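Reading through the structure tokens given below for one structure.
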Amino acid sequence: MGSFLQTFFTLFIELTVLFILISFLVSWLQQKVTEDRIKRVLDRPNKWSGYLYGTGLGALTPFCSCSTIPILAGLLSSKAPFGPSMSFLIASPLLNPVIVILLWTLLGWKLTLYYVIIVGIFSVLIGVVWNAVGLNHSVKDVKVRKGKSKEDNVAVSKWKLALEDAWGFFYPLLPYLLIGVFIGALIYDFVPQDFIVKYAGGDKPWTIPIASVIGIPMYIRAEAILPIADALVSKGMGIGSVIALLIGGAGASIPEVVLLNKLFKKKLVVAFVLSILTVAVSTGFIIQIIL
């Protein structure tokens, strides 16, 4: 029990400090990267650069899949190019700075580098393929009212707004973080290593597609599952299965799919879910083979 409590408080303090610091920096950056600026960046004469910019900007914007949808709705409403906007949709929940830095902290720079490269490539390819097969016709005609942006509120310091945002993002996430750290600490100190290796070891490839499918209905926030992933890997679970679970849960949660039904027709919603599952399984297998 003493070891469990030490593991729990160490993980919780480390992740809390990292999350608030990263959230503060990203919020400050987002005050400069407004929706109109994103649209101008995505609408490039060179179409390929638009997909790359869409993926890159997705990595700098909202923290979870659900908070990506309002920005996407605004982009599509303002006639931003479809393909790069879809690359933005895929990259935003999977490549944001919180996931990348926590992944680096818990599971190492090498795995994080492979993860970023592979998911980045898939984000570009999905935007290109969806545009090529004409899925842009499956977007509903949604009009979005634009409210007052933070950039208009010149009376409030950007640093103060960033601090408020950091706390605003952290406070609702706190229960998820506590649950994730609690489960991770339990796995560290109470689950026998032989049990994990027997049923989810790295030599069992079927665990990767199963993990990717399980991730979607679970809707485990990436920030909550990462301490669990760290514990599972330390006990012998295949790293490919952990990555597949992370991508499935963070990339295509049930709440996000419900919200996307308001923007997309059924055909595009199905394409979205299948694409996320493909990314989850493929990335899991690639990382499992490499590492």
Side-chain angles (χ1 to χ4, degrees), residues 48 51-52 54-59 64-65 68 83-96 98-100 102-104 106-133 135 199-222 225-226 228-230 232-233 236-254 256-257 260 264 267-291:
W48 278 101
Y51 292 103
L52 293 174
T55 299
L57 288 171
C64 72
S65 52
T68 305
S85 296
M86 296 303 103
S87 294
F88 173 88
L89 170 67
I90 301 298
S92 183
L94 298 179
L95 290 177
N96 69 66
V98 174
I99 289 182
V100 172
L102 291 183
L103 197 63
W104 187 325
L106 295 174
L107 298 177
W109 68 268
K110 186 179 291 187
L111 181 148
T112 306
L113 179 62
Y114 288 131
Y115 173 86
V116 170
I117 293 173
I118 295 167
V119 174
I121 291 172
F122 272 116
S123 299
V124 172
L125 290 178
I126 288 172
V128 171
V129 171
W130 286 6
N131 191 58
V133 299
L135 286 178
Y199 293 101
D203 58 345
K204 297 175 177 58
W206 62 81
T207 60
I208 294 177
I210 291 174
S212 67
V213 173
I214 290 174
I216 293 177
M218 285 177 69
Y219 185 44
I220 298 180
R221 292 284 297 256
I225 200 176
L226 281 170
I228 302 174
D230 183 30
L232 289 170
V233 170
M237 184 174 181
I239 188 63
S241 302
V242 173
I243 293 299
L245 181 67
L246 169 65
I247 294 175
S253 64
I254 289 178
E256 180 187 16
V257 174
L260 282 176
F264 297 163
K267 184 178 181 181
L268 187 49
V269 173
V270 172
F272 171 78
V273 174
L274 292 177
S275 296
I276 292 296
L277 288 175
T278 301
V279 174
V281 174
S282 301
T283 306
F285 275 117
I286 293 170
I287 288 181
Q288 185 73 44
I289 292 170
I290 293 175
L291 298 179

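For clarity, every value in this text was computed on a predicted model and none was experimentally measured.
- Using a 4.5 Å heavy-atom threshold, the side chains of I99 and L94 count as separate.
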Might you work through the side-chain contact (heavy atoms from CB on, under 4.5 Å) test for L107 and Y115, ending with a clear yes or no? CA-CA 11 Å; L107 298 177; Y115 173 86; over 6 Å; no
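- Test I247, I90, I276, T283 against F122 for side chain to side chain contact (heavy atoms under 4.5 Å, CB included) and you get one pass: T283.
- At least one donor-acceptor pair under 3.5 Å links the side chain of S123 to the backbone N or O of V119.
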Would you sort out whether V213 and L277 count as a side-chain contact (heavy atoms from CB on, under 4.5 Å), showing the intermediate values? CA-CA 7 Å; V213 173; L277 288 175; 4.3 Å; yes
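- The structure places OG of S275 at 10.0 Å from CG of L89, a figure rounded to the nearest 0.5 Å.
- Annotation for G251 and P93: closest pair CA-CG, 4.4 Å, computed over non-hydrogen atoms.
- For the atom pair CG (L95) and CD1 (I117), the distance works out to 11.0 Å, reported to the nearest 0.5 Å.
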Given side-chain contact (heavy atoms from CB on, under 4.5 Å), test W130 with L268 step by step and report yes or no. CA-CA 9 Å; W130 286 6; L268 187 49; 3.9 Å; yes
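- With sequence neighbours excluded, the residues that form a side-chain contact (heavy atoms from CB on, under 4.5 Å) with V124 are W48, Y51, L52, T55, V128.
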Applying side-chain contact (heavy atoms from CB on, under 4.5 Å), run through K110 and L291 and close with a yes or a no. CA-CA 9 Å; K110 186 179 291 187; L291 298 179; 3.8 Å; yes
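- For the atom pair CD1 of I208 and CZ of F285, the computed distance is 4.5 Å after rounding to the nearest 0.5 Å.
- The CD1 atom of I239 sits 14.0 Å away from the CD1 atom of I289 when rounded to the nearest 0.5 Å.
- Here CG of L111 is found 5.0 Å from CD1 of I287. Values are rounded to the nearest 0.5 Å.
- To the nearest 0.5 Å, the span separating OG1 on T278 from CD1 on I126 amounts to 7.5 Å.
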